[in-house]
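Just so you know, these numbers use all the heavy atoms, side chains as well, and skip hydrogens, waters and symmetry mates. Below, read A as the first sequence line, B as the second, and so on, with proteins coming before strands; counting in each chain starts at 1.
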Protein chains: 2
Amino acid sequence: MPERKDAHHLHDLFQLPPGRTLDICLKIHAAILEHRLAPGTKLSEDEVGEIYGASRTVVRAALQALAHTGLVTIEKNRGAFVAKPSIREAHEIFEARALIEPRVARMTAKAITENDLARLQAHIDAEHQALHDGDMGKALSLSGAFHTTIADIAGQQVLAHMVRSLISRSSLIISMYWKRPDTACESHSHHALMKAFAEHDSDAAEEIQKSHLIDLHSGLNLVEVRQQHDSLKDILRTG
Amino acid sequence: MPERKDAHHLHDLFQLPPGRTLDICLKIHAAILEHRLAPGTKLSEDEVGEIYGASRTVVRAALQALAHTGLVTIEKNRGAFVAKPSIREAHEIFEARALIEPRVARMTAKAITENDLARLQAHIDAEHQALHDGDMGKALSLSGAFHTTIADIAGQQVLAHMVRSLISRSSLIISMYWKRPDTACESHSHHALMKAFAEHDSDAAEEIQKSHLIDLHSGLNLVEVRQQHDSLKDILRTG
DNA sequence: ACAATCAAAATTGTATACAATATTTGTGCA
DNA sequence: TGCACAAATATTGTATACAATTTTGATTGT
């Protein structure tokens with residue numbers, strides 16, 4: 001179960017002490033990453049509190065922590081919503097990833113152990129399995145986990161924290177702008193990275209990661225997406 | 001008053017809606033950046049609440065937001081403290097800055113306007129004035145503001161957010177590990193950067209920023225600092 | 001039918017009360 | 001004096017109550 005292992009590192013994304021606030025953060029975080037919560041969804045304090053059996057105090061703290069990572073947007077007196085990254089934000093996030101992650105991959109190639117390689121391979125296998133099962137959300141989530149695990153292996157916690165945050169937000173971006181929703185997003189890049197890591201070839205790892213991210217970026221359809229619900233009435237009128 | 005202008009951008013460091021929670025965040029943030037709050041200082045909820053005339057609810061939210069940026073550490077059932085970055089963290093933060101800020105400087109050199117140049121110059125002047133007045137805290141804070149303003153000018157909000165966060169934490173690092181506490185930290189690098197910006201010389205800007213950050217990094221005395229208060233009794237015993 | 005307006009309901013913002021956990025203080029004992 | 005232990009105090013964690021604001025829904029008039 002690779003997810004458990006990552007969960008251990010995940011807590012530092014929120015910088016919160018163990019407790020129910022953190023639990024709720026992680027649950028909602030996972031739900032967003034697996035695309036079970038769509039961008040724009042209202043996260044009512046009462047509703048979330050009832051689901052997890054917690055009071056508003058705790059839920060509120062969790063939502064504010066999620067807001068800080070950019071996964072949730074809080075509007076004054078209106079509450080919390082799953083974030084809807086703009087096109088500009090999408091470009092910026094992938095530009096940041098293209099800057100940071102290749103460097104991280106270089107460090108990973110130097111530091112990686114046999115055990116780490118096995119962990120990464122487990123991610124790839126699990127992702128493959130999820131795709132086979134038709135669980136797209138899980139597959140995407142695991143694809144992100146592959147990247148965060150690479151950052152963990154690099155052993156640079158500050159950069160790893162940034163990568164985790166960027167990847168979480170990338171998940172939202174993909175759910176909004178991915179060109180081929182029904183297409184497997186698994187490229188051969190992850191396999192190529194594995195090879196470079198196994199050979200401790202840091203130059204290759206950096207280069208592969210860089211082009212992989214450029215590929216991902218260009219796989220996005222970054223044009224205005226029409227909002228569906230707001231104009232629902234108008235849509236029905238025309239029919 | 002350049003600070004006012006930056007304050008406008010600063011709110012996004014916390015991703016909070018306007019309100020007293022954000023106000024308290026900004027006040028404590030400023031206090032830490034100006035070294036009026038030393039690393040390790042306990043931030044009691046009641047105490048902070050009384051100072052700013054707010055209830056614990058609001059203060060708590062502010063402290064958690066600050067914790068998320070890494071300026072404050074929250075320990076379960078023990079409360080919030082001004083963070084004390086470890087030596088490892090210090091290295092990692094400056095490594096991250098050396099990766100991100102040169103790239104940002106490159107973008108800035110391309111995008112900068114006359115008005116922006118004036119803003120940057122105002123920072124330099126204010127810093128010089130603060131040094132002249134002997135207000136070291138303010139000077140350091142303004143030195144950081146110079147870097148964050150550069151990031152704002154670059155127009156890449158995601159990277160700018162990261163830079164702001166890194167610089168805030170750098171301020172803590174400097175207060176803990178700076179080699180020459182009584183020495184002016186102003187290098188000629190900022191002036192050299194201004195020249196490169198004015199000439200839209202992005203290659204030079206990137207290179208200067210890179211070596212500037214390496215200089216800063218090497219200006220730190222990254223060895224264990226003895227904690228003073230804990231062993232106060234022992235110290236007095238020996239005397 | 002449609003728009004405007006206002007009351008009712010629901011939701012968030014904040015303060016406060018109580019419970020759980022640390023910290024401090026004081027006491028007894030070696 | 002020094003240490004161990006226990007009561008008292010202080011602080012944080014959580015739930016709840018109330019105020020402020022927004023959203024919803026009904027009513028009215030055109």
**Student:** Nearest-Å distance, NZ (B:K76) to P (D:dT12)?
**Tutor:** 13 Å
**Student:** Phosphate oxygens OP1/OP2 of C:dT14: is one of them under 4.0 Å from a side-chain N or O of B:T57?
**Tutor:** no
**Student:** Does a side-chain N-to-carboxylate-O contact under 4.0 Å join B:R164 and B:D152?
**Tutor:** yes
**Student:** Grab the CG-C1' distance between A:N77 and C:dG13 for me, whole Å please.
**Tutor:** 7 Å
**Student:** Please confirm whether the ring centroid of B:H217 lies under 6.0 Å from the ring centroid of B:F94.
**Tutor:** yes
**Student:** Would you mind reading off the distance between B:L43 atom CG and D:dT12 atom C1', rounded to a whole angstrom?
**Tutor:** 14 Å
**Student:** Are any non-hydrogen side-chain atoms of B:L33 and B:S168 less than 4.5 angstrom apart?
**Tutor:** yes
**Student:** How close or far is atom C1' of C:dT11 from atom NZ of A:K42, stated in whole angstroms?
**Tutor:** 6 Å
**Student:** Would you indicate, yes or no, if C:dA15 has its OP1 or OP2 atom less than 4.0 angstrom from a side-chain nitrogen or oxygen of B:R60?
**Tutor:** no
**Student:** Find the distance B:I74:CD1 to D:dG13:P and express it as a whole number of Å.
**Tutor:** 8 Å
**Student:** Could you verify whether a donor N or O on one side chain and an acceptor N or O on the other, from A:E95 and B:Q156, lie under 3.5 Å apart?
**Tutor:** yes
**Student:** Atom CZ of B:R56 to atom C1' of D:dA10: distance rounded to whole Å?
**Tutor:** 11 Å
**Student:** Measure CD/A:E50 against P/C:dA10 and give the value in whole Å, please.
**Tutor:** 14 Å
